[in-house]
Protein chains: 2
Amino acid sequence: MPATRGRRAKRMNGDDREAAILEAAEQLLETHGLHELSIDQIARGAGISRSSFYFYFPSKEAVLLSLMDRVIGQANARRDAALAAAGPDPRNLVRAGITAFYDTFREHRAVALAAAESRITTPEASELWSRVMDSWVAMTAGVIAHQQEVGSLPPSAVSARDLATALNLMNERVLHATFAQDTPSIDESAVVDTLVTIWLAAILGPSPSGPSQDPTTPPERPR
Amino acid sequence: MPATRGRRAKRMNGDDREAAILEAAEQLLETHGLHELSIDQIARGAGISRSSFYFYFPSKEAVLLSLMDRVIGQANARRDAALAAAGPDPRNLVRAGITAFYDTFREHRAVALAAAESRITTPEASELWSRVMDSWVAMTAGVIAHQQEVGSLPPSAVSARDLATALNLMNERVLHATFAQDTPSIDESAVVDTLVTIWLAAILGPSPSGPSQDPTTPPERPR
DNA sequence: CAGAGTATCGACACGGTGTCGATACTGTCA
DNA sequence: TGACAGTATCGACACCGTGTCGATACTCTG
């Protein structure tokens, strides 16, 4: 990046600079964990000094919070669109929801990983993520309760809410492991299918393959 | 704790002091996250100065690593005993394994939570935990593969290994959430049942409740 | 072109880390 | 018993990242 040709573009306006900080941070997070990133690095990456950084954000965690907001908004939008297009069949619903989540965080894996890191130290990040997870859990619990009413899931000993919580936490952890290439973790090519399989086993339960009420989709669904 | 009656017990021998540090650390971790704990606090808690601390451990992460070793050893021992006592029925196997895990980390929740925190910053902690998880995954994958051979689980599109990975990561995350009282999380009273339900749905799959081959244990197993 | 707001920086104080050299205590062997 | 070796302890120092403050430069608008 040569300094904007000829005359050096000295001052940036506040919004541009803020955007530059966000961009620099996300870019640096591709290669370094949040904890191994100093404010100085982010500031330099955005073309300002460390102390100028504080003019825009009170801490690096605040930067991440901004980044998280954007990504979460995208995830929710994508989910709502996907679910609307999926129709009522729980098989499609589940796959659509998981895919929306997967696609978004795959595109912004740096932010996703940093968010998990930040949650530990920053209450704000923790609360933001809690709200996100809660909305997914509530939605999932609705689907499960519906399956129980319709009769394809026997109202087991565990509550729909708890089941929904466990499944969503599984997604969170499994996708994190995949994106971080943890050991053990699941390959990107298989992760969605694996999650969908478990979700369907858990919420469609005992009914082996026979569709209980919606014959619009084939009972067997390989691939 | 009054200073050992009358004459102050000045010097401790090295092993005692090391034990005191471990104890102080675990005790402090009950109420504070690892990141909000300074070496000075741990050292004072063990009755020495900060610089003396370095005589015993190179960092607070090293202390945690010691703590983790002990707890992990306990978890493995408990698991092996439980599995040996559980017999071949996968229903009992699954519940026994999950309960062993749950019980151990419940008794040492401070260490469990700190371990998760430390994994982010300390490669050693990350590797140690990876090895633990890998051994659980391998064991689980064995059970799943066996179920597939026996025929009660149709060899689905996803590999036994991936299934095992997802289920174990679910346990890790769900139990963490429970012990940390995250939002959302599952109450301690319900968490084992919830996990067992999902595991059985995933690895026993389509077969509703009929015992597949081992009639020595009752198919129903409440409490 | 003056003044209000915007943007930037250097310098400082603070708190946590890790190292080093000095010193005190303890057991043991001559 | 008393000197020496090893063990244990500490204070002082240098370092690094953070956050704040006051000074200054730039820019727009009247």
Side-chain angles (χ1 to χ4, degrees), chain A residues 1 3-4 6-25 28-29 31-66 114 117-118 120-125, chain B residues 1 3-4 6-25 28-29 31-66 114 117-118 120-125:
Chain A
M1 309 147 192
T4 14
R7 177 164 296 280
R8 186 153 105 266
K10 249 200 153 175
R11 301 211 133 198
M12 256 182 174
N13 114 4
D15 291 344
D16 290 352
R17 188 67 79 187
E18 190 171 319
I21 292 174
L22 291 171
E23 200 193 341
L28 285 167
L29 285 170
T31 51
H32 308 309
L34 183 64
H35 72 278
E36 49 192 6
L37 216 56
S38 73
I39 290 181
D40 195 59
Q41 286 173 73
I42 300 174
R44 299 292 166 199
I48 53 177
S49 76
R50 192 177 66 83
S51 33
S52 290
F53 170 92
Y54 289 99
F55 185 78
Y56 297 98
F57 295 95
S59 66
K60 64 183 174 183
E61 284 78 17
V63 175
L64 186 66
L65 229 38
S66 262
E117 203 180 325
S118 175
I120 292 171
T121 38
T122 312
E124 260 94 343
Chain B
M1 306 146 195
T4 14
R7 177 163 297 279
R8 185 154 107 267
K10 248 200 156 179
R11 301 214 131 197
M12 256 182 175
N13 105 7
D15 292 342
D16 290 350
R17 189 65 79 186
E18 189 170 321
I21 292 174
L22 291 172
E23 202 193 340
L28 285 167
L29 285 171
T31 51
H32 307 299
L34 183 64
H35 72 278
E36 50 193 4
L37 217 56
S38 73
I39 289 181
D40 195 58
Q41 287 174 74
I42 300 174
R44 299 293 167 199
I48 53 178
S49 74
R50 192 177 66 83
S51 34
S52 290
F53 170 92
Y54 289 99
F55 185 77
Y56 297 97
F57 294 95
S59 65
K60 63 182 175 183
E61 285 77 19
V63 175
L64 186 66
L65 230 38
S66 265
E117 203 179 325
S118 175
I120 291 170
T121 37
T122 313
E124 260 95 343

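Per chain, numbering begins at 1; letters A, B, ... match sequence-line order.
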Notebook entry, point to check: Between the two end axes of the helix from C/dC1-D/dG30 to C/dA30-D/dT1, each built from 5 base pairs, what angle do you get to the nearest 10°?
Noted result: 20°

With rounding to the nearest 0.5 Å, note down the distance linking [atom1] in [X] to [atom2] in [Y].
X     : Y     : atom1 : atom2 : answer
A/L28 : A/E36 : CG    : CD    : 11.0 Å
B/L22 : B/R17 : CG    : CZ    : 13.0 Å
B/I39 : B/Y54 : CD1   : OH    : 3.0 Å

Notebook entry, point to check: Is there a donor-acceptor pair under 3.5 Å between the side chain of A/E18 and the backbone N or O of A/Y56?
Noted result: no

Margin query: So does B/T122 get a backbone contact from the side chain of B/E61, meaning a donor-acceptor N/O pair under 3.5 Å?
Written below: no

Next item on the list: Answer with base, sugar-phosphate or nothing: what part of the nucleic acid does B/Y56 contact at a heavy-atom distance below 4.0 Å?
Entry: sugar-phosphate

How many whole angstroms separate atom [atom1] of [X] from atom [atom2] of [N]?
X     : N      : atom1 : atom2 : result
B/D15 : D/dT7  : CG    : P     : 12 Å
A/D16 : D/dT27 : CG    : C1'   : 15 Å
A/F57 : D/dG17 : CZ    : P     : 21 Å
A/K60 : D/dT18 : NZ    : C1'   : 10 Å
A/L34 : D/dG17 : CG    : C1'   : 14 Å
B/Y54 : C/dG21 : OH    : P     : 17 Å
B/F55 : D/dC10 : CZ    : P     : 12 Å
B/E18 : D/dT7  : CD    : C1'   : 14 Å

Compare every heavy atom of [Y] with every heavy atom of [X], then report the nearest pair and how far apart it is.
X      : Y      : answer
B/A43  : B/S49  : CB-O, 3.6 Å
A/H35  : B/T121 : CD2-CG2, 3.4 Å
B/S118 : B/A125 : OG-CB, 3.5 Å
A/F53  : A/I21  : CE1-CG2, 4.0 Å

Protein and nucleotides 11-13 of chain D: nitrogen or oxygen contacts under 3.5 angstrom:
from   : atom 1 : to    : atom 2 : distance (Å)
D/dG11 : N7     : B/S51 : OG     : 3.0
D/dG11 : O6     : B/S51 : OG     : 3.2

Margin query: Can you see if the side chain of B/R17 gets near the phosphate of D/dT7 - specifically, an N or O under 4.0 Å from OP1 or OP2?
Written below: no

